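What follows is a single structure, written as structure tokens, with notes after it.
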2 protein chains.
Amino acid sequence: MAETGIAPSDPPAGIGVVDQLDQLDRTELAISFERVFTLVRRLTPQGDLSLTAVSTLRTLERQGPHRLSELAVREGVTQPAMTQLVSRLERDGLAQRCADPGDGRVVVVRIADAGRELLLARREARAQKLYELLSSLPPADRAAIVAALPALNRLADLTP
Amino acid sequence: MAETGIAPSDPPAGIGVVDQLDQLDRTELAISFERVFTLVRRLTPQGDLSLTAVSTLRTLERQGPHRLSELAVREGVTQPAMTQLVSRLERDGLAQRCADPGDGRVVVVRIADAGRELLLARREARAQKLYELLSSLPPADRAAIVAALPALNRLADLTP
DNA sequence: TATTGTTATACTCTATAACTATA
DNA sequence: TATAGTTATAGAGTATAACAATA
């Protein structure tokens, strides 16, 4: 457990970047990310889709068609839950079931045009609110966040 | 909504950081935050508490006791839903209902010790995984993220 | 009468267990 | 027999509407 007596926010400049991470209280890191999580959650119009439904659509959008069982593992739900989720997405025209020519047992799921449009609209709404919030931050804070975006994307690439 | 060819909000102030934000595609911003959201979600042990339950506990931890109706608004659920959520938290020993001496109608909710410990444990688990992920990033990326944490905290402070 | 909170009822989403079809 | 997916059933969590208690 890290010592909390030292202020972790502003490590002295000129020290190596590795030291910067080592000096940071891990819990501080977790709390900051936790707070960003909550921020995004609050900025997102809940609509009528569950968090898992949206996340699944985004997976299909970013990484193309997946087997139903792969989606279940990736989203951390059971296979029956994913079966029903895909059924709902299909019913609403947001995704489609396809057959796998090589294996008759397999169901391949892909995102439909309406699904892409829905993600786009949600993203647009959140982007606007986020931009407004950022605009009210001090310029130095804005710069720090913008500068960190590529790194955050690479961090997200490491997601298991 | 907005024309994408023109930066609408901030007239250039002649400072570099402002231009940095203006030049940034808002959607890129939203996507990065969206991905951080998913990352945090995946790193968090689901346990047996709902997202709203954890979020409510964190509100009580960070900002002290609240009225039940305040919590409902803050967490974006209805009053009946919050009634039941608080009942579950109380049943599990994570929070407590208290009376308001000044107004007999009011229920004040506060976090219990077990609730604090639960948040601590969750945070610890996520912090460890997050730290490991960060450690595998290039040093420059780590530095950029660490440098942005105070700004991200101030952004989170603006959460409605 | 307005405000604060609870109870009643219905719906969505999820998990576990049992089942079907293909390999 | 194992794998991929579905169906059956039960429980958690939420919303709307109706209710009780206090101001």
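Here is the naming used below: chain letters follow the sequence lines, and residue numbers restart at 1 for every chain. Remember, it's a predicted structure, so these values are computed and weren't measured experimentally.
Side chains of A:Pro65 and A:Val109 form no contact here, defined as non-hydrogen atoms less than 4.5 Å apart. Counting only heavy atoms from C-beta outward, the side chains of A:Gln79 and A:Leu68 approach each other to under 4.5 Å.
Under the 3.5 Å distance criterion, with hydrogens and angles disregarded, a donor-acceptor pair is assigned to the side chains of B:Gln128 and B:Glu132.
Residue contacts for A:Ser87: at a heavy-atom cut-off of 4.0 Å it reaches no nucleic acid atom on any strand shown. Residue B:Ser69 is in sugar-phosphate contact alone, with no base atom involved, counting any heavy-atom pair closer than 4.0 Å across all strands shown.
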Quick tally for nucleotides 17-23 of chain D: nucleotides whose base has a protein heavy atom under 4.0 Å get B, sugar-phosphate-only ones S, the rest -, giving B----BS
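Protein chain A contacts DNA chain C over a range whose 5' and 3' limits, counting nucleotides with an atom under 4.0 angstrom from a non-hydrogen atom, are C:dC13 to C:dA23.
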What do the steps show when you test A:Arg42 against B:Arg74 for side chain to side chain contact (heavy atoms under 4.5 Å, CB included), and what is the final call?
CA-CA 9 Å; A:Arg42 295 242 167 88; B:Arg74 188 171 180 82; 4.1 Å; yes
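Spacing between atom CG of A:Leu71 and atom C1' of D:dG5 amounts to 13 Å, rounded to whole angstrom units. B:Asp92 places its CG atom 10 Å from the P atom of D:dA12, with the value rounded to the nearest Å. Here the C1' atom of nucleotide D:dT6 and the CG atom of A:Leu68 are 10 Å apart, to the nearest Å.
Within a 6.0 Å radius of CZ in B:Arg97, other residues, nucleotides and ligands contribute more than 12 heavy atoms.
For A:Arg123 and A:Glu61, the salt-bridge test passes: some basic side-chain N is under 4.0 Å from an acidic carboxylate O. Checked for salt-bridge contact, A:Glu75 and B:Arg41 meet the test: a charged N lies under 4.0 Å from a carboxylate O.
Partner A:Leu94 forms a side-chain contact (heavy atoms from CB on, under 4.5 Å) with one of A:Thr56, A:Asp113, A:Leu119, A:Leu89 and no other, that one being A:Leu89.
Nearest-nucleotide mapping onto DNA chain C: of B:Arg67 and A:Gln84, the residue sitting toward the 5' end is B:Arg67.
Listed by first and then second residue, the salt bridge (charged side-chain N to carboxylate O under 4.0 Å, His left out) pairs involving residues 145-156 of chain A are A:Arg154-B:Asp141 (not counting sequence neighbours).
Between B:Thr52 and the phosphate of D:dT14, there is a side-chain N or O to OP1/OP2 separation shorter than 4.0 Å.
Shown here are the salt bridge (charged side-chain N to carboxylate O under 4.0 Å, His left out) partners of A:Asp103, two or more places apart in sequence or in another chain: A:Arg105. Every residue meeting the salt bridge (charged side-chain N to carboxylate O under 4.0 Å, His left out) condition with A:Asp157, not counting sequence neighbours, appears here in chain and number order: B:Arg35.
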Here DNA chain D, pairs taken as Watson-Crick or G-U under 3.5 Å and shown with ( ), [ ] when crossing and | when to another strand, reads |||||||||||||||||||||||
